[in-house]
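So the structure is just underneath, and the comments pick up after that.
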Amino acid sequence: EDDDAPGDGEPIDEHEIFDLVRSISDPEHTSLTLEQLHVVNAEDILLDGNNLLLEFTPTVPHCGMSTLIGLSIRVRLLRSLPQRFKVDIKVKPGTHSSELSVNRQLNDKERVAAALENEAIVDVVERCLVT
Amino acid sequence: MTSPTHTIDPIAVLEGHDERVWDVAWNPSEPLIASCSQDKSIRIASYAQTTASGDLDFANIAQIPTGHKRTVRALAWAPSGKTLAAASFDSTISIWEREDGDGEWECSATLEGHETEVKGVAFNHEGTMLATCGRDKSVWIWEVHPDSDFECLSVLMEHAQDVKSVAWHPTHDILASASYDDSIKLYIDDPSDDWFAFATLTEHASTVWDVCFSPCGRYMASASDDTTIRIWKARDTKFHEWNCVKIIEGAHSRSIYSIAWTTADGTLGWIASAGGDGRVNVWAVTEVAEGVDVTLIAQRDETHGVCDTNTVRWCPRPGKQNVLATAGDDCAVRVWGVVPSTG
C-alpha cells in the first residue's frame, strides 16, 4: 500500500525503521532482541529517499547466524514498509569474517526468494519475528 | 542522454498472476506469450493485430497450475513453438505441449537431476538440445528426442557458484552461462569426448544475471549486479575467443537482471536491459573498427510502478521486432512498443 508510515501518518525516517527491527529476536538467543544484543543500532540505518541501507553487527565475527539475522530483518521490513523502498542489508564493515559472502547472499533477490520457500528457514525466521 | 529518438509506449498489461512474475517468453512461431511466477503457475496469452494501424490486442488464454512445488523461475519455447520448458525452484524442469495444437497444455515430461533451484532454461537454435542451470553450480545439457524424451548428455560443474542463466548461440551449438561467481562461461561439444568450458570471461565485479547473443552471433551482451552491461566480440570465425569491447555504465542504479538483443535495420540490432531500478533502456548498436558504438535510443522508468523489473524480452515475430515484454514484481506482464518519438 502507499501509506507513508506504519501508524502515525508521519513520513518514514531512520527511527521508524529502527522501531520496526529493534524487537526482532536473535535466532540463537531467542529471549534477547537484536537491539539488546546491539546487533541493530539506529545510527547504522541510512535512508536516502526510497533507498534504505541497514547495517547490522553480528554477535561474533564468525557468526553462523548472520544470514538468518539478515533474512529476518529483510522479512520484517518487507512486511512493514511500502513497496517503494529498495532495501540493502549488509553486515557492518569489519564485523564479520565472511562479510562479502554474507552481503552477497542477503542482497541477491533470487536467493532470498528461494530461501523463503524453504520451510525450515521460514520457521526460524517466523520465530525471530514473533516479538 | 541527448534527445531520445524513440519512446517505449505501453501496448498491454497482462494480469492474473498472484505473485511476482519472474520470466516471460514469446512463442517463436505462433502469436502466444508465456509467463511464469512465484505463484507456481504459467500463464499463456494470445495476441492478434486487430487494426490496420498494427495495434496488438492480447487475451489471456490459459492458466497452468504446473504442479511445481515452488516458484517457476524461467521459461523457454522450442524453435518449433510446440514445446515449452519451465524451470522451477523445486529442482525440476517441466515440459509442456498441447494435444492437437489447440487443446489443453499437458506436462509431457519432468526432468530431474538438479539438486537445488533450477534458474535458467534454453533450447538451442535447432531445438535438438536443452540447457538448464541452477544453484547447484551446474549446467546440464539434454538431448531432445521425439515423444518428449530428454536424455542428459552432460553435467558441467565449471562454475564456482550458483548459475543464473544460460543462452545458446543463434547459429552454432555454443552455450553461454552467467553466474553468481561473477563470470560468464562458454561451452562446446568435443565429439570425441564431452562438453567442456572453452572460455571464462571474468570482467564483471559481481553476479552476472543474464547473457545473450547478438542476432548475427558475433557479439554477446551481459548484465550484472555490478550495474554495468558488457558487450563482447568474437575474435575468430569459430566463436572460440571473446573480448570485452564495450562497458555501459550508469544506465541502471541497481542490479541489472535481464538483457535481450533484437534485429533492427542498418545496425547490429537493439539491446534492451531491465533491472531492480524498474528502468528499461534500449540501445542501438553499430559496428566500428575494433568493436561497437552504442546509442541510447529510449529509456523508461517505473515500468512496473515502484517494483523491480525482472525480465525483458523482444518479440521474435517478423514485423513485430520492436515489441518488448517485461515481467515485474508487481505481478504483471507488460508489453511495449519501441517507436520513433513524435515531435
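Every chain is numbered from 1 and lettered A, B, ... according to where its sequence line falls, protein lines coming before strand lines. Since the structure is predicted, the reported quantities are computational estimates derived from the model, not experimental observations.
The two residues A:Ser101 and B:Tyr180 make their nearest non-hydrogen contact at O-OH, 4.3 Å.
Counted within 6.0 Å of CD on B:Glu115, heavy atoms from surrounding residues, nucleotides or ligands total 12 or fewer; the atom is thus considered open. In this structure, B:Lys40 places its NZ atom where more than 12 heavy-atom neighbours from other residues, nucleotides or ligands lie under 6.0 Å away.
A salt bridge links B:Lys164 with A:Asp108: the closest approach of a Lys/Arg side-chain nitrogen to an acidic carboxylate oxygen falls below 4.0 angstrom.
Contacts of B:Asp90 with chain A are absent, with no heavy-atom separation under 4.5 Å from either backbone or side chain.
Here the CH2-CD distance, from B:Trp22 to A:Glu110, works out to 5.5 Å after rounding to the nearest 0.5 Å. The CG atom of B:Asp162 sits 9.5 Å away from the CD atom of A:Gln105 when rounded to the nearest 0.5 Å.
The shortest side-chain heavy-atom distance between A:Arg104 and B:Gln161 does not fall under the 4.5 Å cut-off. Looking at B:Arg254 and A:Asn107, their side chains never come closer than 4.5 Å, going by heavy atoms from C-beta outward.
When the candidates B:Gln38, B:Arg20, B:Lys119, B:Arg73 are compared by the number of heavy-atom contacts under 4.5 Å with chain A, B:Lys119 comes out ahead. With respect to chain A, the highest number of heavy-atom pairs below 4.5 Å among B:Ser206, B:Cys307, B:Gly278 belongs to B:Ser206.
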* **Check against side chain to side chain contact (heavy atoms under 4.5 Å, CB included), A:Gln83 and B:Asp329** => CA-CA 10 Å; A:Gln83 274 194 307; B:Asp329 277 358; 5.5 Å; no

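The closest donor-acceptor contact from the side chain of A:Lys86 to the backbone of B:Gly276 lies under 3.5 Å.
Within residues 23-55 of chain A, the residues having any heavy atom closer than 4.5 Å to a heavy atom of chain B are A:Asn51, listed by residue number. Using non-hydrogen atoms only and a strict 4.5 Å limit, the part of residues 115-128 of chain A facing chain B consists of A:Glu117, A:Asn118.
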